[in-house]
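Hydrogens, waters and symmetry mates play no part in the numbers below; they use all other heavy atoms, side chains included.
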Amino acid sequence: MREKLIEKCGDIRVISGMLPELPEVPEKFGVIVSTYDIHHVKHENTEHMVDNICKHADENCLVIFADVMFESKEEYQNHVADLKRKNITERAYDLEDEYFQYVDVLSDVFKKHGYIVKDGRQNFYTHIFKAKKQDNSK
């Protein structure tokens, strides 16, 4: 996928890293994108992940996450319980086997760093979460 990105976008620098950590690089980034990766980050590491991302972001950075997410912990728990009641246990266990992020938590953490957040729910599971550094120069 990285090769395809470079092929399609041309002069772009792609840095590989493993969340919640990121590699040390000398420059700041204008765009940070993670697709179907943040569900591997344990909930207790969410704030650490966002702190690291913000450390690498320039003053106008746009952060985009595309992944399976839930609006809140409550929505997640209710959905898993509902799947189990309906005997859709394989999907329930799949959801319990990962750390699907909660949009409300991600939003709060990014807002602490001065970001404006927007969540675009694509369907019940998939979200495109965007966080844009708020312009305080005005």
Side-chain angles (χ1 to χ4, degrees):
M1 292 308 294
R2 290 176 186 94
E3 291 172 10
K4 289 287 185 192
L5 176 65
I6 293 167
E7 178 184 308
K8 290 183 178 197
C9 294
D11 187 25
I12 187 169
R13 176 129 187 243
V14 177
I15 304 292
S16 296
M18 183 75 104
L19 294 172
E21 304 298 331
L22 288 172
E24 289 298 324
V25 292
E27 68 269 37
K28 302 280 185 180
F29 296 102
V31 178
I32 297 173
V33 178
S34 173
T35 55
Y36 296 95
D37 185 47
I38 64 170
H39 67 267
H40 298 292
V41 176
K42 293 180 180 181
H43 292 118
E44 60 266 23
N45 292 329
T46 298
E47 192 158 348
H48 178 65
M49 172 187 70
V50 173
D51 290 347
N52 280 332
I53 287 170
C54 292
K55 183 174 80 172
H56 287 79
D58 72 16
E59 66 277 357
N60 296 308
C61 188
L62 172 64
V63 178
I64 302 171
F65 296 141
D67 209 325
V68 173
M69 295 183 221
F70 291 87
E71 293 293 330
S72 64
K73 184 176 183 177
E74 181 182 34
E75 181 190 59
Y76 165 78
Q77 290 173 331
N78 289 341
H79 182 62
V80 170
D82 189 48
L83 290 172
K84 288 179 179 179
R85 269 193 305 279
K86 293 177 179 175
N87 205 28
I88 308 173
T89 54
E90 188 173 335
R91 183 176 296 163
Y93 294 135
D94 285 345
L95 290 174
E96 292 177 317
D97 192 42
E98 300 286 354
Y99 306 97
F100 298 105
Q101 295 295 314
Y102 310 128
V103 172
D104 60 350
V105 172
L106 279 175
S107 295
D108 288 346
V109 177
F110 271 104
K111 286 176 184 177
K112 286 181 192 175
H113 286 279
Y115 282 74
I116 299 169
V117 298
K118 181 179 179 187
D119 176 51
R121 192 171 207 160
Q122 304 302 297
N123 57 47
F124 183 77
Y125 291 111
T126 305
H127 291 250
I128 297 178
F129 178 93
K130 296 179 183 179
K132 176 79 170 130
K133 189 71 172 179
Q134 190 168 353
D135 185 0
N136 293 321
S137 64
K138 297 177 184 175

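Taking CD of Glu98 as the start and CD of Gln101 as the end, the distance is 11.0 Å to the nearest 0.5 Å. Here CZ of Phe110 is found 9.5 Å from CG of Asp51. Values are rounded to the nearest 0.5 Å. Going from atom SG of Cys54 over to atom CG of Leu22 covers 10.5 Å, rounded to the nearest 0.5 Å. Note that SG of Cys61 and NE2 of His113 are 12.5 Å apart. Values are rounded to the nearest 0.5 Å. In this structure, the separation between NZ on Lys42 and OH on Tyr99 is 4.5 Å, given to the nearest 0.5 Å.
A donor-acceptor pair under 3.5 Å is absent between the side-chain atoms of Arg91 and the main chain of Asp94, judged by distance alone. Lys132 places a side-chain N or O within donor-acceptor distance of the main-chain N or O of Asn60, the cut-off being under 3.5 Å. Tyr76 places a side-chain N or O within 3.5 Å of a backbone atom of Leu95 that can act as its donor or acceptor partner. Side-chain N or O atoms of Asn45 include none that pairs as donor or acceptor with a backbone N or O of His48 at under 3.5 Å. Listed for the Lys73 side chain is no donor-acceptor partner under 3.5 Å among the backbone atoms of Asp104.
Using a 30° and 60° split on the angle between ring planes, Phe129 and Phe65 fall in the parallel class, below 30°.
Note on Ile64 and Met49: separate hydrophobic clusters, where clusters join Ile, Leu, Val, Met, Phe, Trp and Tyr whose side-chain heavy atoms are under 4.5 Å apart, directly or indirectly. Both Phe124 and Ile88 are members of a single hydrophobic cluster when ILVMFWY side chains are connected at heavy-atom separations under 4.5 Å. Put simply, Val50 and Val25 are part of the same group of oily side chains (I, L, V, M, F, W, Y) that touch within less than 4.5 Å, one to the next. Both Ile128 and Leu62 sit in one connected hydrophobic cluster of ILVMFWY residues. Membership requires side-chain heavy atoms under 4.5 Å apart, directly or through other members. No continuous path of hydrophobic side-chain contacts links Tyr93 to Val68 [ILVMFWY only; heavy atoms under 4.5 Å].
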For Val31 and Val33: C-alpha separation, side-chain torsions, deciding distance, then whether side chain to side chain contact (heavy atoms under 4.5 Å, CB included) applies.
CA-CA 7 Å; Val31 178; Val33 178; 3.6 Å; yes
Dump the intermediate steps for side chain to side chain contact (heavy atoms under 4.5 Å, CB included) on Leu106 and Met69, then the final yes or no.
CA-CA 10 Å; Leu106 279 175; Met69 295 183 221; 3.9 Å; yes
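Heavy atoms from other residues, nucleotides or ligands lying under 6.0 Å from CD of Gln77 number more than 12. When the shell of 6.0 Å around CD of Glu3 is examined, it contains 12 or fewer heavy atoms from other residues, nucleotides or ligands. Annotation: Gln122, atom CD; neighbour count of heavy atoms from other residues, nucleotides and ligands within 6.0 Å is above 12.
Minimum interatomic distance between Leu19 and Val41 (heavy atoms only, all atoms of both residues): CB-CG2, 3.8 Å. Here the closest heavy-atom approach between residue Pro23 and residue His56 is recorded as O-NE2, 2.9 Å. Shortest non-hydrogen contact noted between Lys133 and Tyr115 is N-CD2, 3.3 Å. Arg85 and Asn78 make their closest contact through NH2-O, 4.5 Å (heavy atoms, listed as atom of the first residue, atom of the second, distance). Shortest non-hydrogen contact noted between Asp37 and Asp67 is N-OD2, 3.1 Å. Among all heavy-atom pairs drawn from Glu75 and Glu71, the shortest one is OE1-N, 2.7 Å.
A salt bridge between Lys86 and Asp82 is present, with a side-chain N of the basic residue lying under 4.0 Å from a carboxylate O of the acidic one. Look at Glu59 and Lys28 and you find no salt bridge, because none of the NZ, NE, NH1 or NH2 atoms lies under 4.0 Å from a carboxylate O.
Applying the ring pair (Phe, Tyr, Trp, His ring centres under 6.0 Å) rule to pairs touching residues 15-42 yields His39-Phe100, sequence neighbours excluded.
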